[in-house]
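These values consider heavy atoms only, across backbone and side chains, with no hydrogens, waters or symmetry-generated copies. None of these values were measured; they are calculated from a predicted model. All residue numbers in this chain count up from 1 along the given sequence.
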Amino acid sequence: MKAVIYKQYGGPDVLQIADVPKPILKSHQILVKVRACTVNRTDTAYRSAQYFITRFFTGLLKPKKIIVGTEFAGDVVEVGQSVSRFEVGDRVFGYNEKTFGACAEFVAIDAQSMVTTIPENFSYQQACCCTEGFHYALNFIKAANIRAGNHVLVYGATGAIGSAAVQILAAMGVHVNAVCGEANMDLVSELGAQHVMNYEDEHWFDTLVEDQKKYDVVLDCVGKLTFGFCKSVLSPKGIYISSELGPKLQNPLLAVWTHFFSSQKVLFPIPSERVEDINYAKALIEKGQYRAVIDRVYSIDDIVEASRYVETGQKIGSVVIVVT
């Protein structure tokens with residue numbers, strides 16, 4: 001089968017199209033013919049091994065799992081003997097950060113993992129990009145114990161994580177203020193933010209401080225802020241969460257320090273993949289409370305170009321790859 005592989009860590013050029021063996025199905029798995037997948041920040045982080053710590057999970061000197069890709073949508077073409085959740089012909093979408101392999105013609109995935117059927121009103125391209133950002137955003141929201149009525153600031157509200165966070169929070173009845181580029185302020189408002197600020201205005205944060213509004217949580221969805229920077233707009237027991245490790249890997253360390261010595265906290269949760277989370281995504285989609293945000297669509301043969309674009313940090317929502 002056709003697949004995107006990498007045999008060494010590095011930039012987008014290490015990716016190549018190859019003919020590899022079709023997965024051999026285990027009794028607890030389903031085999032999915034992949035119609036669409038994505039290139040996301042998780043994919044690029046593992047491929048580049050920018051943070052050396054990732055190699056302890058993917059291989060110290062070279063990748064152990066060579067087929068890339070974490071989120072996918074397609075058709076179930078084979079079902080393992082012990083599987084009861086799915087049938088051949090089901091349209092499904094899912095997320096698989098444990099073993100990767102989504103950027104290929106076929107992927108085998110545990111039927112009890114983060115995979116479910118696609119809502120009737122959604123295409124493969126729409127469905128495939130509703131898992132990675134949703135997965136991280138929901139884990140952050142749960143870790144911070146955000147509730148209806150809370151005030152949350154979402155920084156980087158147009159990426160996969162940020163756009164997901166805005167929509168999930170809005171559906172929960174949370175007061176959402178968001179920060180993004182001027183060109184996408186209307187989009188973020190449509191996603192559910194009650195107030196949107198332009199980060200290109202060099203005085204945006206000063207305005208935030210002058211408003212004297214205190215936030216229960218600041219979600220930094222692109223890792224561009226710091227706890228120290230945000231302390232002045234956090235409530236006395238406010239929480240700062242970043243999608244990145246932070247300068248000099250400070251966020252995990254601050255999570256420990258603030259746990260003992262500060263009323264304002266830094267959280268650095270380790271996300272877990274849960275089937276109930278993707279079922280929640282499906283429920284929001286069916287209620288019209290969650291939508292796919294797609295920036296660009298590429299053919300699988302243009303995977304290197306797509307990856308280069310993702311690494312510019314300018315994508316809005318998701319970059320989709322058409323596989324078959």
Query raised in the report: Are a donor atom and an acceptor atom from the side chains of Tyr46 and Glu97 found within less than 3.5 Å of each other?
Result: yes
Query raised in the report: Shortest non-hydrogen contact from Cys180 to Thr158?
Result: CB-CG2, 3.7 Å
Query raised in the report: Are Phe100 and Val320 co-members of a hydrophobic cluster defined by side-chain heavy atoms under 4.5 Å apart?
Result: no
Query raised in the report: Side chains of Ser243 and Arg41: is there a donor and an acceptor less than 3.5 Å apart?
Result: yes
Query raised in the report: More than 12 foreign heavy atoms under 6.0 Å from NZ of Lys65: is that the case here?
Result: no
Requested in this report: Keeping the roles fixed (side chain from Arg35, backbone from Val322), state whether a donor-acceptor pair exists under 3.5 Å.
Outcome: no
Requested in this report: Could you tell me whether a side-chain N or O of Asn198 sits under 3.5 Å from a main-chain N or O of Glu182, the two making a donor and an acceptor?
Outcome: yes
Query raised in the report: Looking at Tyr124, is Arg91 sitting on its ring face, NZ or CZ under 6.0 Å from the six-membered ring centre and within 45 degrees of the normal?
Result: yes
Query - Lys NZ or Arg CZ of Lys22 over Phe106 ring: under 6.0 Å, within 45° - result: yes
**Report entry** Pair Thr131-Glu71, side-chain donor/acceptor within less than 3.5 Å
**Finding:** yes
Query raised in the report: Where the side chain of Ser82 meets the backbone of Ser27, is there a donor-acceptor pair that is under 3.5 Å apart?
Result: yes
Query - Gap between atom CD1 of Ile168 and atom CG of Leu284 - 0.5 Å precision - result: 7.0 Å
Report task. Check whether Tyr215 and Ile239 end up in the same hydrophobic cluster, where Ile, Leu, Val, Met, Phe, Trp and Tyr are linked by side-chain heavy atoms less than 4.5 Å apart. Result -> no
Query - Backbone of Gly59 reached by a side-chain donor or acceptor of Tyr9 within 3.5 Å - result: yes
Report task. For residues Gln250 and Thr226, determine if any side-chain heavy atom of one lies less than 4.5 Å from a side-chain heavy atom of the other. Result -> yes
**Report entry** Inter- and intrachain pairs under salt bridge (Lys or Arg N to Asp or Glu O under 4.0 Å), touching residues 313-324, at least two apart
**Finding:** none
Query raised in the report: Where do Cys221 and Gly156 come nearest, in terms of heavy atoms and distance?
Result: CB-O, 3.7 Å
Query raised in the report: What distance do Ile303 atom CD1 and Gln16 atom CD have between them, rounded to the nearest 0.5 Å?
Result: 12.5 Å
Query - Whether over 12 other heavy atoms sit under 6.0 Å from Asp186 CG - result: no
**Report entry** Between OG on residue Ser262 and OH on residue Tyr240, distance to nearest 0.5 Å
**Finding:** 14.0 Å
Report task. Tell me whether Val266 is reachable from Val256 by hopping between hydrophobic residues (I, L, V, M, F, W, Y) whose side-chain heavy atoms are closer than 4.5 Å. Result -> no
Query raised in the report: Is it true that Val32 and Val79 fall in one hydrophobic cluster, defined by side-chain heavy atoms closer than 4.5 Å?
Result: yes
Query raised in the report: So, the side chain of Glu78 versus the backbone of Leu25: is there a donor-acceptor pair under 3.5 Å, distance only?
Result: no
Query raised in the report: Are the ring centres of Phe134 and Tyr290 closer than 6.0 Å?
Result: yes
Query raised in the report: Counting heavy atoms not belonging to Leu60, are there more than 12 under 6.0 Å from its CG?
Result: yes
Query raised in the report: Do Ile300 and Cys103 come close enough that some side-chain heavy atom pair is under 4.5 Å?
Result: yes
Query - Asp90 (side chain) donor-acceptor with Val76 (main chain) under 3.5 angstrom - result: no
**Report entry** Inter-residue atom distance His259.NE2 - Leu254.CG, 0.5 Å rounding
**Finding:** 14.0 Å
Report task. State plainly whether the residues Asp216 and Lys237 are in salt-bridge range, i.e. N to O under 4.0 Å. Result -> no
Query raised in the report: Is the Trp257 ring parallel, tilted or perpendicular to the Phe261 ring (thresholds 30°, 60°)?
Result: tilted
Query raised in the report: Any side-chain donor-acceptor pair under 3.5 Å between Asn40 and Ser318?
Result: no
Report summary line: Sorted by chain and number, sequence neighbours left out, ring pair (Phe, Tyr, Trp, His ring centres under 6.0 Å) with Tyr155 holds for Trp204
Requested in this report: Look only at the side chain of Asn251 and the backbone of Leu245, and say whether a donor-acceptor pair between them is shorter than 3.5 Å.
Outcome: yes
**Report entry** side-chain hydrogen bond (donor to acceptor under 3.5 Å, both in side chains) between Lys282 and Thr117, intermediate numbers included
**Finding:** CA-CA 8 Å; Lys282 179 181 176 181; Thr117 52; 2.5 Å; yes
**Report entry** Pairwise side-chain contact, Asp220 with Val222, heavy-atom cut-off 4.5 Å (strictly under)
**Finding:** yes
Report summary line: d(Ser113 OG, Ile278 CD1) to nearest 0.5 Å is 8.5 Å
Query raised in the report: Counting N and O atoms only, with roles assigned by atom type, does the side chain of Asp211 sit under 3.5 Å from a partner on the main chain of Lys213, one being a donor and the other an acceptor?
Result: no
Query raised in the report: Are the side chain of Arg296 and the backbone of Val319 linked by a donor-acceptor contact shorter than 3.5 Å?
Result: no
Query raised in the report: Are the side chains of Ile321 and Ser299 in touch, meaning some heavy atoms are under 4.5 Å apart?
Result: no
Query raised in the report: Just wondering, are more than 12 heavy atoms of other shown residues or ligands nearer than 6.0 Å to CD in Gln212?
Result: no
Query - Residue pair Gln264 / Lys231, side-chain heavy-atom distance below 4.5 Å - result: yes
Query raised in the report: Going by atom types only, do Thr42 and Glu132 share a side-chain donor-acceptor pair under 3.5 Å?
Result: yes
**Report entry** Thr116-Asn279 side chain donor-acceptor pair, cut-off 3.5 Å
**Finding:** yes
**Report entry** Electrostatic pair Asp110-Lys98, nearest N-O below 4.0 angstrom
**Finding:** no
Query raised in the report: For the residue pair Val20 and Ala3, what are the closest heavy atoms and their distance?
Result: CG2-CB, 3.7 Å
Requested in this report: Mind running side-chain hydrogen bond (donor to acceptor under 3.5 Å, both in side chains) on Asn96 and Thr70 for me, showing each step along the way?
Outcome: CA-CA 5 Å; Asn96 184 24; Thr70 53; over 6 Å; no
Query raised in the report: If every non-hydrogen atom of Ala193 is compared with every non-hydrogen atom of Val166, which pair is closest and at what distance?
Result: N-CG1, 3.6 Å
Query raised in the report: Would the number of heavy atoms belonging to other residues, nucleotides or ligands and lying under 6.0 Å from CD of Glu200 be above 12?
Result: yes
Query raised in the report: So do Asn177 and Val152 actually touch side chain to side chain, heavy atoms under 4.5 Å?
Result: no
Report task. Over all heavy atoms of both residues, which pair between Thr54 and Ala45 is shortest? Give the atoms and the distance, please. Result -> OG1-O, 4.4 Å
Query raised in the report: Shared ILVMFWY cluster between Tyr199 and Leu219, side chains joined below 4.5 angstrom?
Result: no
Report task. Measure the CZ-CG distance between Phe205 and Leu153 for me, rounded to the nearest 0.5 Å. Result -> 8.5 Å
**Report entry** Pair Tyr95 + His135: ring centers closer than 6.0 Å
**Finding:** yes
Report summary line: Across all chains, not counting sequence neighbours, the ring pair (Phe, Tyr, Trp, His ring centres under 6.0 Å) partners of Tyr136 are none
Query - Other residues, nucleotides, ligands: >12 heavy atoms within 6.0 Å of Glu87 CD - result: no
Query raised in the report: Is any side-chain N of the basic residue among Lys2 and Asp301 closer than 4.0 Å to the acidic one's carboxylate O?
Result: yes
Query raised in the report: Taking all atoms of both residues into account, what is the closest heavy-atom pair of Val188 and Ala178, and its distance?
Result: CG1-CB, 3.6 Å
Query raised in the report: So do Val115 and Phe86 actually touch side chain to side chain, heavy atoms under 4.5 Å?
Result: yes
**Report entry** Any side-chain heavy-atom pair of Phe268 and Pro252 under 4.5 Å
**Finding:** yes
Query raised in the report: Quick one: does Asp75's side chain have a donor or acceptor within less than 3.5 Å of a partner on Gly89's backbone?
Result: no
